[in-house]
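Read through the structure below, which is laid out as C-alpha coordinates, and then see the notes.
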Amino acid sequence: MTNAESSAAVEIQSLTKRFGNFIAIDNLSLRVDVGEIFGLLGPNGSGKTTTLNIVSGLSKPSSGTVRVLGYDVTRDTRKVRGALGVVPQETALYEELSAWDNLVFHAELYDVPRSGRDARIAAMLDLVQLSDRRNGRVSAFSGGMRRRLALARALLHDPALLYLDEPTLGVDVQSRRAIWDYILDQKHRGKTVLITTNYLEEASVLCDRLAIIDHGRLVALDTPATLKRRYGDVVLDLSTDPPPTPALLQQLAAIAWVTGVQVNGSALRLTIAGDDHAVGHVVNFVTQNAELRTINQREPNLDEVFLSLTGRALRD
(Lines give C-alpha, C1' and ligand atoms only; values in the text may rest on other atoms or scores of the structure.)
Protein backbone atom coordinates (compact mmCIF):
# COMPACT_ATOMS: atom_id res chain seq x y z
CA MET A 1 0.00 0.00 0.00
CA THR A 2 1.36 3.43 -0.91
CA ASN A 3 0.89 6.71 0.85
CA ALA A 4 -1.66 7.90 -1.72
CA GLU A 5 -3.70 4.70 -1.39
CA SER A 6 -4.08 4.87 2.36
CA SER A 7 -7.32 6.24 3.80
CA ALA A 8 -6.02 6.05 7.37
CA ALA A 9 -3.53 8.36 8.98
CA VAL A 10 -2.51 5.65 11.47
CA GLU A 11 -3.49 1.99 11.28
CA ILE A 12 -2.43 -0.35 14.08
CA GLN A 13 -3.19 -4.04 13.69
CA SER A 14 -2.60 -6.71 16.36
CA LEU A 15 0.30 -4.75 17.84
CA THR A 16 2.25 -6.40 20.64
CA LYS A 17 5.38 -5.12 22.34
CA ARG A 18 7.35 -7.17 24.86
CA PHE A 19 10.22 -6.18 27.09
CA GLY A 20 11.49 -9.56 28.27
CA ASN A 21 8.56 -11.21 30.02
CA PHE A 22 6.68 -7.93 30.37
CA ILE A 23 3.97 -7.22 27.79
CA ALA A 24 3.69 -3.44 27.36
CA ILE A 25 1.20 -3.61 24.46
CA ASP A 26 -1.12 -6.57 24.16
CA ASN A 27 -2.66 -7.23 20.71
CA LEU A 28 -3.73 -3.62 20.18
CA SER A 29 -5.68 -2.62 17.08
CA LEU A 30 -7.01 0.84 16.25
CA ARG A 31 -7.28 3.28 13.39
CA VAL A 32 -6.90 7.06 13.19
CA ASP A 33 -8.70 8.56 10.20
CA VAL A 34 -7.21 11.26 8.04
CA GLY A 35 -8.37 14.70 9.13
CA GLU A 36 -9.47 13.86 12.67
CA ILE A 37 -8.17 14.85 16.09
CA PHE A 38 -7.65 11.58 17.93
CA GLY A 39 -6.89 11.26 21.64
CA LEU A 40 -4.96 8.37 23.20
CA LEU A 41 -5.59 8.21 26.94
CA GLY A 42 -4.46 5.90 29.69
CA PRO A 43 -3.00 5.89 33.20
CA ASN A 44 0.74 5.74 33.81
CA GLY A 45 2.11 2.43 32.60
CA SER A 46 -0.87 1.77 30.33
CA GLY A 47 1.24 1.42 27.18
CA LYS A 48 0.34 4.66 25.42
CA THR A 49 3.91 6.01 25.34
CA THR A 50 5.22 2.71 24.01
CA THR A 51 2.51 2.74 21.35
CA LEU A 52 3.42 6.23 20.25
CA ASN A 53 7.14 5.45 20.23
CA ILE A 54 6.35 2.71 17.72
CA VAL A 55 4.12 5.03 15.68
CA SER A 56 6.98 7.56 15.62
CA GLY A 57 9.51 4.94 14.53
CA LEU A 58 11.47 5.17 17.78
CA SER A 59 10.75 1.57 18.75
CA LYS A 60 9.98 -1.63 16.85
CA PRO A 61 6.98 -3.88 17.50
CA SER A 62 7.44 -7.42 18.72
CA SER A 63 4.58 -8.43 16.43
CA GLY A 64 1.77 -6.83 14.49
CA THR A 65 1.87 -3.97 11.99
CA VAL A 66 1.73 -0.18 12.20
CA ARG A 67 1.21 2.04 9.17
CA VAL A 68 1.45 5.81 9.20
CA LEU A 69 -0.03 7.54 6.14
CA GLY A 70 0.35 4.23 4.30
CA TYR A 71 4.00 3.71 5.26
CA ASP A 72 5.09 0.71 7.30
CA VAL A 73 6.93 2.11 10.33
CA THR A 74 9.51 -0.68 10.33
CA ARG A 75 10.38 -0.49 6.61
CA ASP A 76 9.75 3.18 5.84
CA THR A 77 10.89 4.81 9.08
CA ARG A 78 12.51 7.79 7.39
CA LYS A 79 9.37 8.58 5.38
CA VAL A 80 7.23 8.27 8.51
CA ARG A 81 9.41 10.70 10.44
CA GLY A 82 9.39 13.15 7.55
CA ALA A 83 5.58 13.16 7.51
CA LEU A 84 5.26 13.54 11.28
CA GLY A 85 5.43 16.72 13.37
CA VAL A 86 6.08 16.11 17.05
CA VAL A 87 5.63 18.22 20.18
CA PRO A 88 7.13 16.05 22.94
CA GLN A 89 6.29 16.40 26.61
CA GLU A 90 9.74 17.88 27.14
CA THR A 91 9.95 20.69 24.61
CA ALA A 92 13.64 19.93 23.84
CA LEU A 93 14.40 23.41 22.53
CA TYR A 94 17.91 24.86 22.39
CA GLU A 95 17.67 27.38 25.21
CA GLU A 96 20.76 29.42 24.32
CA LEU A 97 19.51 29.98 20.80
CA SER A 98 16.87 32.45 19.73
CA ALA A 99 13.39 31.39 18.65
CA TRP A 100 14.37 32.13 15.06
CA ASP A 101 17.58 30.06 15.21
CA ASN A 102 15.74 27.12 16.78
CA LEU A 103 13.44 27.05 13.77
CA VAL A 104 16.32 27.49 11.31
CA PHE A 105 18.01 24.43 12.83
CA HIS A 106 14.80 22.40 12.53
CA ALA A 107 14.30 23.56 8.94
CA GLU A 108 17.75 22.22 8.05
CA LEU A 109 16.99 18.85 9.66
CA TYR A 110 13.75 18.48 7.70
CA ASP A 111 15.07 19.82 4.41
CA VAL A 112 12.72 22.79 4.26
CA PRO A 113 13.65 24.46 0.92
CA ARG A 114 15.94 27.41 1.50
CA SER A 115 14.17 29.48 -1.13
CA GLY A 116 11.09 29.82 1.06
CA ARG A 117 12.58 28.99 4.44
CA ASP A 118 12.65 32.45 5.99
CA ALA A 119 9.09 33.18 4.91
CA ARG A 120 7.94 29.86 6.37
CA ILE A 121 9.69 30.51 9.70
CA ALA A 122 8.21 34.01 9.87
CA ALA A 123 4.74 32.60 9.17
CA MET A 124 5.05 30.00 11.94
CA LEU A 125 6.25 32.57 14.49
CA ASP A 126 3.35 34.79 13.50
CA LEU A 127 0.92 31.87 13.89
CA VAL A 128 1.99 31.25 17.51
CA GLN A 129 2.25 34.97 18.27
CA LEU A 130 6.01 35.01 18.85
CA SER A 131 7.09 37.30 16.01
CA ASP A 132 8.05 40.05 18.44
CA ARG A 133 10.31 37.60 20.31
CA ARG A 134 11.95 36.06 17.27
CA ASN A 135 15.43 37.17 18.39
CA GLY A 136 14.91 36.46 22.09
CA ARG A 137 16.74 33.61 23.78
CA VAL A 138 14.49 30.68 24.58
CA SER A 139 15.99 30.49 28.09
CA ALA A 140 14.06 33.67 28.89
CA PHE A 141 10.73 32.35 27.58
CA SER A 142 7.82 31.38 29.81
CA GLY A 143 6.44 27.84 29.77
CA GLY A 144 3.59 28.88 27.52
CA MET A 145 5.92 30.58 25.05
CA ARG A 146 8.10 27.47 24.89
CA ARG A 147 5.12 25.23 24.17
CA ARG A 148 3.99 27.59 21.42
CA LEU A 149 7.49 27.64 19.92
CA ALA A 150 7.61 23.84 20.07
CA LEU A 151 4.31 23.77 18.18
CA ALA A 152 5.70 26.16 15.56
CA ARG A 153 8.71 23.89 15.18
CA ALA A 154 6.49 20.83 14.70
CA LEU A 155 4.44 22.61 12.02
CA LEU A 156 7.40 24.12 10.19
CA HIS A 157 7.88 21.33 7.61
CA ASP A 158 4.09 21.14 7.01
CA PRO A 159 3.57 17.58 8.30
CA ALA A 160 0.45 15.62 7.39
CA LEU A 161 0.28 14.14 10.91
CA LEU A 162 0.88 16.08 14.12
CA TYR A 163 1.62 14.21 17.35
CA LEU A 164 1.27 16.21 20.57
CA ASP A 165 2.34 14.72 23.91
CA GLU A 166 0.69 16.71 26.72
CA PRO A 167 0.48 19.83 24.51
CA THR A 168 -0.57 22.24 27.30
CA LEU A 169 1.41 20.80 30.19
CA GLY A 170 2.45 23.52 32.62
CA VAL A 171 1.01 26.49 30.70
CA ASP A 172 -1.40 29.18 31.85
CA VAL A 173 -5.04 29.43 30.85
CA GLN A 174 -4.45 31.96 28.05
CA SER A 175 -1.70 29.86 26.47
CA ARG A 176 -3.80 26.71 26.80
CA ARG A 177 -6.70 28.31 24.94
CA ALA A 178 -4.35 29.62 22.25
CA ILE A 179 -2.80 26.17 21.74
CA TRP A 180 -6.29 24.65 21.50
CA ASP A 181 -7.09 27.14 18.75
CA TYR A 182 -3.91 26.20 16.85
CA ILE A 183 -4.76 22.50 17.12
CA LEU A 184 -8.33 23.02 15.88
CA ASP A 185 -6.97 25.13 13.02
CA GLN A 186 -4.86 22.16 11.88
CA LYS A 187 -7.99 20.04 11.63
CA HIS A 188 -9.66 22.75 9.54
CA ARG A 189 -6.61 22.61 7.26
CA GLY A 190 -7.14 18.90 6.72
CA LYS A 191 -4.31 17.72 8.95
CA THR A 192 -4.52 14.79 11.34
CA VAL A 193 -3.69 15.34 15.01
CA LEU A 194 -2.82 12.63 17.53
CA ILE A 195 -2.89 13.76 21.17
CA THR A 196 -2.00 12.28 24.53
CA THR A 197 -3.13 14.26 27.55
CA ASN A 198 -3.97 13.89 31.22
CA TYR A 199 -6.29 16.91 31.01
CA LEU A 200 -9.54 15.15 30.20
CA GLU A 201 -11.36 18.45 29.66
CA GLU A 202 -8.83 19.07 26.90
CA ALA A 203 -9.55 15.70 25.33
CA SER A 204 -13.29 16.37 25.49
CA VAL A 205 -12.96 19.78 23.83
CA LEU A 206 -10.50 18.83 21.09
CA CYS A 207 -10.89 15.20 20.12
CA ASP A 208 -13.26 13.70 17.58
CA ARG A 209 -12.61 10.24 19.04
CA LEU A 210 -10.81 8.84 22.05
CA ALA A 211 -9.08 5.53 22.70
CA ILE A 212 -8.56 4.55 26.33
CA ILE A 213 -5.95 1.87 26.90
CA ASP A 214 -4.93 0.11 30.09
CA HIS A 215 -2.37 -2.64 30.69
CA GLY A 216 -1.56 -2.46 27.00
CA ARG A 217 -5.10 -3.25 25.88
CA LEU A 218 -7.81 -1.16 24.29
CA VAL A 219 -10.67 -0.79 26.78
CA ALA A 220 -12.81 1.83 25.01
CA LEU A 221 -12.91 3.66 21.68
CA ASP A 222 -15.57 6.18 20.65
CA THR A 223 -16.49 9.86 20.58
CA PRO A 224 -16.26 11.72 23.92
CA ALA A 225 -20.04 12.17 24.01
CA THR A 226 -20.72 8.48 23.42
CA LEU A 227 -18.16 7.38 26.02
CA LYS A 228 -19.79 9.65 28.59
CA ARG A 229 -23.23 8.23 27.84
CA ARG A 230 -22.06 4.63 27.79
CA TYR A 231 -19.70 4.47 30.76
CA GLY A 232 -20.44 7.45 32.97
CA ASP A 233 -22.91 7.71 35.80
CA VAL A 234 -25.64 10.37 35.69
CA VAL A 235 -25.54 12.70 38.71
CA LEU A 236 -28.81 13.86 40.27
CA ASP A 237 -28.82 16.71 42.80
CA LEU A 238 -32.13 16.89 44.67
CA SER A 239 -33.57 18.60 47.73
CA THR A 240 -36.57 17.20 49.61
CA ASP A 241 -39.01 18.26 52.29
CA PRO A 242 -38.66 16.78 54.81
CA PRO A 243 -34.93 15.95 54.51
CA PRO A 244 -34.26 12.33 53.47
CA THR A 245 -34.50 9.90 56.36
CA PRO A 246 -31.92 7.19 57.08
CA ALA A 247 -34.48 4.61 55.97
CA LEU A 248 -34.96 6.37 52.61
CA LEU A 249 -31.20 6.60 52.08
CA GLN A 250 -30.83 2.91 52.79
CA GLN A 251 -33.62 2.08 50.35
CA LEU A 252 -32.07 4.26 47.64
CA ALA A 253 -28.66 2.62 48.09
CA ALA A 254 -30.31 -0.77 47.56
CA ILE A 255 -31.65 0.17 44.10
CA ALA A 256 -29.58 -1.65 41.48
CA TRP A 257 -28.98 1.43 39.31
CA VAL A 258 -27.85 3.67 42.18
CA THR A 259 -24.05 3.67 42.50
CA GLY A 260 -23.68 6.43 45.08
CA VAL A 261 -25.70 8.26 47.74
CA GLN A 262 -24.56 11.46 49.46
CA VAL A 263 -26.63 13.64 51.78
CA ASN A 264 -26.13 17.09 53.32
CA GLY A 265 -29.23 18.21 55.23
CA SER A 266 -32.06 18.32 52.70
CA ALA A 267 -29.61 18.13 49.76
CA LEU A 268 -29.31 14.68 48.22
CA ARG A 269 -26.82 13.64 45.50
CA LEU A 270 -27.36 10.36 43.68
CA THR A 271 -25.18 8.78 41.00
CA ILE A 272 -27.05 6.49 38.65
CA ALA A 273 -25.65 3.97 36.18
CA GLY A 274 -28.33 3.60 33.57
CA ASP A 275 -30.50 5.22 30.93
CA ASP A 276 -33.42 7.63 31.22
CA HIS A 277 -35.62 4.78 32.42
CA ALA A 278 -33.30 4.17 35.37
CA VAL A 279 -33.20 7.87 36.22
CA GLY A 280 -37.00 8.13 36.04
CA HIS A 281 -37.41 5.09 38.28
CA VAL A 282 -35.15 6.59 40.95
CA VAL A 283 -36.86 10.01 40.81
CA ASN A 284 -40.29 8.38 41.15
CA PHE A 285 -39.10 6.43 44.15
CA VAL A 286 -37.91 9.64 45.85
CA THR A 287 -41.21 11.47 45.15
CA GLN A 288 -43.17 8.61 46.66
CA ASN A 289 -41.32 9.04 49.96
CA ALA A 290 -40.78 12.83 50.20
CA GLU A 291 -41.77 16.10 48.55
CA LEU A 292 -39.28 16.94 45.84
CA ARG A 293 -38.37 20.65 45.99
CA THR A 294 -35.55 20.91 43.42
CA ILE A 295 -33.85 18.59 40.97
CA ASN A 296 -30.83 19.02 38.72
CA GLN A 297 -29.42 16.38 36.41
CA ARG A 298 -25.80 16.45 35.27
CA GLU A 299 -24.31 14.21 32.62
CA PRO A 300 -21.06 12.42 33.49
CA ASN A 301 -17.70 13.92 32.56
CA LEU A 302 -14.66 12.21 31.07
CA ASP A 303 -12.86 12.07 34.42
CA GLU A 304 -15.65 9.83 35.74
CA VAL A 305 -15.57 7.70 32.59
CA PHE A 306 -11.79 7.33 32.80
CA LEU A 307 -11.90 6.25 36.45
CA SER A 308 -14.75 3.86 35.74
CA LEU A 309 -12.71 2.12 33.03
CA THR A 310 -9.23 2.18 34.57
CA GLY A 311 -9.89 2.24 38.32
CA ARG A 312 -8.84 4.64 41.06
CA ALA A 313 -5.61 2.97 42.16
CA LEU A 314 -2.54 5.19 41.85
CA ARG A 315 -0.06 4.22 39.13
CA ASP A 316 3.71 4.78 39.08
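Rounded to the nearest 0.5 Å, atoms NZ (Lys79) and CG (Leu69) are 12.5 Å apart. For the atom pair His106 NE2 and Arg117 CZ, the distance stands at 12.5 Å (nearest 0.5 Å).
For the pair Thr271 (side chain) and Gly260 (backbone), a donor-acceptor distance under 3.5 Å is present. For Ser98 (side chain) and Asn135 (main-chain N/O), no donor-acceptor pair under 3.5 Å exists by modelled atom type. Between the side chain of Arg114 and the main chain of Glu108, no donor-acceptor pair closer than 3.5 Å is present.
Side-chain N/O atoms of Thr50 and Asn53 include no donor and acceptor closer than 3.5 Å. A donor and an acceptor atom, one from each side chain of Thr294 and Ser239, are located under 3.5 Å apart. Side-chain contact check for Asp165 and Thr196: at least one donor-acceptor pair (N or O, by modelled atom type) lies under 3.5 Å.
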Could you go through Leu206 and Leu184, starting from their C-alpha distance and side-chain angles, then the distance that decides it, and tell me whether this counts as side-chain contact (heavy atoms from CB on, under 4.5 Å)? CA-CA 7 Å; Leu206 295 176; Leu184 292 169; 3.8 Å; yes
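A salt bridge does not link Asp76 with Arg67: none of the charged nitrogens is closer than 4.0 Å to a carboxylate oxygen. A salt bridge links Glu96 with Arg137; the closest basic N to acidic carboxylate O contact falls under 4.0 Å. A salt bridge links Arg189 with Asp185: the distance from a Lys NZ or Arg NE/NH1/NH2 to an Asp or Glu carboxylate oxygen falls below 4.0 Å.
Within the 4.5 Å cutoff, the side chain of Ile54 has heavy atoms near those of the Ser59 side chain. A heavy-atom distance below 4.5 Å is not found between the side chains of Lys191 and Leu155. Two residues are said to be in side-chain contact when any heavy atoms from C-beta on lie closer than 4.5 Å; Phe306 and Pro43 meet this criterion.
The shortest non-hydrogen separation linking Leu164 to Val87 is CD2-CG2, 3.4 Å.
Heavy atoms of other residues, nucleotides or ligands lying less than 6.0 angstrom from CZ of Arg298 number more than 12. Within a 6.0 Å radius of CZ in Arg209, more than 12 heavy atoms belonging to other residues, nucleotides or ligands are found. Within 6.0 Å of CG on Asp132 lie more than 12 heavy atoms contributed by other residues, nucleotides or ligands.
Ring pair Phe22/Phe19 is parallel by interplanar angle, where below 30° counts as parallel and above 60° as perpendicular.
Scored by the salt bridge (charged side-chain N to carboxylate O under 4.0 Å, His left out) test, Lys60 finds no partners at all (sequence neighbours excluded).
The hydrophobic cluster containing Leu236, built from Ile/Leu/Val/Met/Phe/Trp/Tyr side-chain heavy atoms closer than 4.5 Å, also comprises Val234, Leu238, Leu248, Leu249, Leu252, Ile255, Trp257, Val258, Val261, Val263, Leu268, Leu270, Ile272, Val279, Val282, Val283, Phe285, Val286, Leu292, Ile295.
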